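For reference, the structure discussed in these notes is given below.
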2 protein chains.
Amino acid sequence: MAKLDFGPIADTTRRAEIVALLRRAILTGQLEPGQKLNELRISEQMRVSRAPLREAMRELVQEGILTSIPYAGTFVIDVTAKDIIDAYSLNKVLDEFAIELAWPQRDQRFFDELDRRHEAVKQATRAVDTTRQIETALQLHGLIYEWADNSVLLETWQRLTSRLQMYFALHQRALNEPVPAEGVHETYVALLKGADMRAAQHHAREHIDVDFEELLAYARGLEKRTSKN
Amino acid sequence: MAKLDFGPIADTTRRAEIVALLRRAILTGQLEPGQKLNELRISEQMRVSRAPLREAMRELVQEGILTSIPYAGTFVIDVTAKDIIDAYSLNKVLDEFAIELAWPQRDQRFFDELDRRHEAVKQATRAVDTTRQIETALQLHGLIYEWADNSVLLETWQRLTSRLQMYFALHQRALNEPVPAEGVHETYVALLKGADMRAAQHHAREHIDVDFEELLAYARGLEKRTSKN
DNA sequence: GACAAGCAGATTGTCGACAATCCAGCAAGA
DNA sequence: TCTTGCTGGATTGTCGACAATCTGCTTGTC
């Protein structure tokens, strides 16, 4: 008999499903920054009572993509240019660290997974599914964190990723054009397969900076718009 | 009239108070790792209904110091040696980054605050209040993060700090002797006041390693004990 | 017309009760 | 003896209703 190790069974609480639904709505930009979440309205739409909805919202507040003001409401976080700068500069540091840790851990499974995720990005790009394109690109990026074998680092990166995904989605929705980043992933994947760790670390920085400039320009636009109100 | 900027007034929801109470109980080790939190019992003790208690617990789960298994219960996280290693190695990286960012931001207020917090540590040490000693030491350490002017970094460090505080408290409770770290803070403070950034970064690593070895030994003891069960 | 007090509506926070699920223990059968 | 199925009690998940708070408008007064 083949050796099968079963993972934990799916969470079947309403709360978990609500969290997933809300997170997706926020990260894809369907819920816009600053927007208020009306508990009664949402609970009726989802055919759920307010209790599990509120618990789900509390989780997302701690996750950093919602913000809560007592007796006033819960809102999608606002996105400022500084937030994006901060997130990206931290991401650089974490990337270097993750590559350093993951480097000696690379094995055949790592390379296979690398190819698989790279393929997923290319497929999403061909299908012009921008939302999925962002998701797959971040998953490709996250591989080094999964292989770094540092649970705290992984958890930290996942929190950061939530925001980055939101920023990209907003950027994409605002401009309504696909994210470029065509050949960038090619060299990234190639370097992770190579033998020069420092080169991979260096490229991670550059790669980030490419998208960063574009995203930052968008954020500055946001700043001006919100300051008008 | 003097320019006064008022901060937000205190949260007056039961939920917020419950979060504070539970967090403190966990971080001081009054609630032991792996221990189950019975909702009914705690809500009765606190004279609160289960709704705000559950919401508070959801926050602490996302904060990383509780873990929840659907229909089974919510538990204080287990502490493994690997967790401590992971947290500390990430802390090193973040420290270097924080010092780099905070370095040019140092001003008179920074130095004053540095002295103030250093004094608080010494006072707690003299009073042999170990819980407060841990708190103040971490607050001293956190100054560079507050001055780094990177909200995401600060938030990340605060999450990490929760765990570190818990680890130290457990360590202290287990050995029932005050944490040494007497002269270490002296040089740390002196270096942050100095002109050599690289030296400060380097010391931060060493300083960490001192406590680290001790803490790690304790964690390995934990490992053995739990593996016996 | 300007401004403060107060009221009504809406929304969030909290509560107590019910439903769904789990777990330990026991009984029945192979 | 081991396994399987059942059952009662305890605990978590969810619900609907009530209380506390905020907000905008109205009203009354100057």
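Convention: sequence-line order gives letters A, B, ...; per-chain numbering from 1. None of these values were measured; they are calculated from a predicted model. The figures here come from the full heavy-atom set of this structure, side chains too, leaving out hydrogens, waters and symmetry mates.
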Check your understanding: Any chance CD of A/Gln35 has more than 12 other-residue heavy atoms, nucleotides or ligands included, within less than 6.0 Å?
Key -> yes
Practice item. Answer yes when B/Arg50 and B/Glu55 have at least one side-chain N-carboxylate O distance shorter than 4.0 Å, and no when they do not. Key: no
Exercise for review: Just jot down the salt bridge (charged side-chain N to carboxylate O under 4.0 Å, His left out) partners of B/Glu100, sequence neighbours excluded, or say none.
Suggested key: none
Review point. Does the side chain of A/Asp112 pick up a donor-acceptor pair with the side chain of A/Gln108 at under 3.5 Å?
Key: yes
Review point. Partners of A/Glu32 by side-chain hydrogen bond (donor to acceptor under 3.5 Å, both in side chains), sequence neighbours excluded?
Key: none
Practice item. Within residues 48-67 of chain B, find the residues that approach DNA chain D with a heavy atom at under 4.0 Å, and present them sorted by residue number. Key: B/Arg50, B/Arg54, B/Arg58
Review point. Residues from residues 38-47 of chain A sitting under 4.0 Å of DNA chain D, heavy atoms only?
Key: none
Review point. Who are the side-chain hydrogen bond (donor to acceptor under 3.5 Å, both in side chains) partners of A/Glu59, not counting sequence neighbours?
Key: A/Arg15
What nitrogen or oxygen pairs link the protein and nucleotides 6-9 of chain C at under 3.5 Å?
none

Exercise for review: Kindly indicate whether the side chain of A/Phe97, heavy atoms from C-beta on, has any atom under 4.5 Å from the side chain of B/Leu90.
Suggested key: yes
Practice item. Identify, with sequence neighbours excluded, every residue that meets side-chain contact (heavy atoms from CB on, under 4.5 Å) alongside A/Leu154. Key: A/Tyr145, A/Glu146, A/Gln158
Exercise for review: Under 4.0 Å from any heavy atom of chain B: name the first and the last nucleotide of DNA chain D that qualifies, 5' to 3'.
Suggested key: D/dT11 to D/dT14
**Study point:** side-chain hydrogen bond (donor to acceptor under 3.5 Å, both in side chains) partners of B/Gln45, counting only residues at least two apart
**Key:** none
Point to revise | Qualifying residues under side-chain contact (heavy atoms from CB on, under 4.5 Å), relative to B/Arg116, sequence neighbours excluded | key: B/Glu113
Just distance, no hydrogens or angles: give the donor-acceptor pairs under 3.5 Å from side chains in residues 60-69 of chain A, sequence neighbours left out.
unit_1: A/Glu63; atom_1: OE1; unit_2: A/Arg23; atom_2: NH2; d: 2.8
unit_1: A/Glu63; atom_1: OE2; unit_2: A/Arg23; atom_2: NE; d: 2.8
unit_1: A/Glu63; atom_1: OE2; unit_2: A/Arg23; atom_2: NH2; d: 3.4
unit_1: A/Ser68; atom_1: OG; unit_2: A/Arg58; atom_2: NH1; d: 3.4

Check your understanding: B/Glu44: what forms a side-chain hydrogen bond (donor to acceptor under 3.5 Å, both in side chains) with it, not counting sequence neighbours?
Key -> none
